[in-house]
Amino acid sequence: KTWGVFDLSSHVQIGENDIAIIMHPMSIYAEIEPVYVMGNFDLEPQAHGWKLIPETSMSLGTWKKQGLPFYAYDVGYRKSATLRRGQKTVMKLGEWQGTVAAVEVNGVDAGIIAWQPFELDITPYIRDGENEIEVVVTGSFKNLFGPFHNVNRRGIVTPWSFKYAPEQQPSGEKYDLLDYGLMQDFHILTQ
């Protein structure tokens with residue numbers, strides 16, 4: 001009915017940790033499901049899977065190369081710019097990957113960017129002087145839930161996509177993951 005969430009922080013130790021799920025007595029209602037470990041940490045690819053490492057700060061570039069290969073939600077990128085109210089102002093994205101990019105100007109939703117030419121007129125939201133502009137890139141659940149292996153055609157997912165798993169867990173580098181993130185800084189253009 002709902003996902004059980006358990007705080008394991010007092011049980012985790014530096015080094016290798018095992019998580020075991022036990023049900024006694026076993027029941028037909030106890031389906032085996034994946035276990036998701038959440039917390040403030042990054043991941044580093046290993047010969048077999050991933051290793052938890054201390055959290056680092058984010059910058060431009062793909063999230064999966066910055067320790068967040070399975071991250072599915074939002075990352076905000078912000079900058080300040082000195083602008084004039086009434087002056088035509090456009091926010092233009094450089095290279096980016098995600099499902100959508102939301103734009104906020106001075107804490108107000110200014111709109112979304114999801115298709116070419118990847119720009120948004122933000123003139124109505126500009127004030128005289130310093131302005132805070134933020135682009136929030138959203139990923140998708142593909143990197144969180146998979147499929148990660150034996151992907152023949154991206155975008156086509158069926159129950160069979162999860163039927164066959166490798167005999168041995170492959171390197172984290174071999175997981176089929178999308179490159180979400182803001183790869184190049186965004187630009188503020190005025191006329």
Side-chain angles (χ1 to χ4, degrees), residues 1-80 96-104 107 109 112 132 134-151 154 157-183 185:
K1 293 181 178 179
T2 179
W3 289 15
V5 178
F6 307 96
D7 183 356
L8 303 175
S9 56
S10 64
H11 305 286
V12 176
Q13 60 188 11
I14 293 176
E16 191 167 323
N17 291 267
D18 291 320
I19 297 175
I21 299 174
I22 301 167
M23 179 167 186
H24 188 73
M26 184 58 175
S27 163
I28 192 169
Y29 300 112
E31 294 187 29
I32 304 298
E33 294 289 336
V35 172
Y36 297 93
V37 179
M38 301 181 299
N40 296 325
F41 55 83
D42 286 346
L43 295 174
E44 183 177 274
Q46 299 295 293
H48 299 287
W50 305 87
K51 174 182 177 181
L52 276 63
I53 60 171
E55 182 179 29
T56 58
S57 61
M58 296 286 296
S59 62
L60 295 175
T62 175
W63 302 342
K64 73 180 187 180
K65 296 291 184 190
Q66 296 184 65
L68 298 173
F70 301 108
Y71 189 69
Y73 302 101
D74 302 331
V75 173
Y77 304 85
R78 81 174 51 114
K79 68 166 78 171
S80 295
W96 71 287
Q97 293 293 323
T99 58
V100 69
V103 179
E104 288 185 9
D109 291 334
I112 62 167
E132 193 75 25
E134 182 175 26
V135 175
V136 179
V137 176
T138 303
S140 77
F141 286 137
K142 193 294 187 207
N143 284 5
L144 179 60
F145 295 127
F148 302 119
H149 313 293
N150 303 318
V151 175
R154 279 191 173 160
V157 178
T158 70
W160 287 97
S161 301
F162 300 92
K163 177 137 176 90
Y164 301 103
E167 280 196 34
Q168 188 174 49
Q169 185 179 16
S171 163
E173 296 285 349
K174 300 236 187 259
Y175 278 55
D176 185 66
L177 299 165
L178 300 176
D179 285 307
Y180 291 127
L182 190 61
M183 311 309 166
D185 204 358

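Side chains are part of it too, since the values below use all heavy atoms of this structure and drop only hydrogens, waters and symmetry mates. For the single chain, residues carry numbers from 1 onward in sequence order.
Between I112 and V103 the shortest side-chain heavy-atom distance does not fall below 4.5 Å. The shortest distance between side-chain heavy atoms of I19 and V37 falls below 4.5 Å. By the 4.5 Å heavy-atom criterion applied to side chains, P69 and N143 are not counted as neighbours.
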Using side chain to side chain contact (heavy atoms under 4.5 Å, CB included), reason through L144 and Y73 one step at a time and then give a plain yes or no.
CA-CA 9 Å; L144 179 60; Y73 302 101; 4.0 Å; yes
Between L43 and I53, does a side chain to side chain contact (heavy atoms under 4.5 Å, CB included) hold up when you go through it step by step?
CA-CA 6 Å; L43 295 174; I53 60 171; over 6 Å; no
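Partners of D176 according to the side chain to side chain donor-acceptor pair (under 3.5 Å) rule, which considers only residues two or more places apart in sequence or in another chain, are K142, R154. Contacts of T158 classified as side chain to side chain donor-acceptor pair (under 3.5 Å), with partners at least two apart in sequence or in another chain: none. Not a single ring pair (Phe, Tyr, Trp, His ring centres under 6.0 Å) links F41 to another residue, sequence neighbours left out. Residues meeting the side chain to side chain donor-acceptor pair (under 3.5 Å) test with T99, sequence neighbours left out: none. Residues forming a ring pair (Phe, Tyr, Trp, His ring centres under 6.0 Å) with Y77 (at least two apart in sequence, or on another chain): none. Residues satisfying the side chain to side chain contact (heavy atoms under 4.5 Å, CB included) criterion with F145, sequence neighbours excluded, are W3, Y36, F141. When the side chain to side chain contact (heavy atoms under 4.5 Å, CB included) test is applied to S10, no partner is found at least two apart in sequence or on another chain. Legend: residues meeting side chain to side chain donor-acceptor pair (under 3.5 Å) with Q46, ordered by chain and number and at least two apart, are E44. By the side chain to side chain contact (heavy atoms under 4.5 Å, CB included) test, D109 is found to be paired with E104, residues two or more places apart in sequence or in another chain being considered.
Pairs passing the side-chain hydrogen bond (donor to acceptor under 3.5 Å, both in side chains) check and including a residue from residues 163-172, sequence neighbours excluded, read Q169-Y175. Annotation: salt bridge (charged side-chain N to carboxylate O under 4.0 Å, His left out) contacts involving residues 50-65, sequence neighbours excluded, comprise K64-D179, K65-E173.
Counted within 6.0 Å of CE on M23, heavy atoms from surrounding residues, nucleotides or ligands total more than 12; the atom is thus considered enclosed.
Nearest heavy atoms, V135 versus A101: CG1-CB, 4.0 Å.
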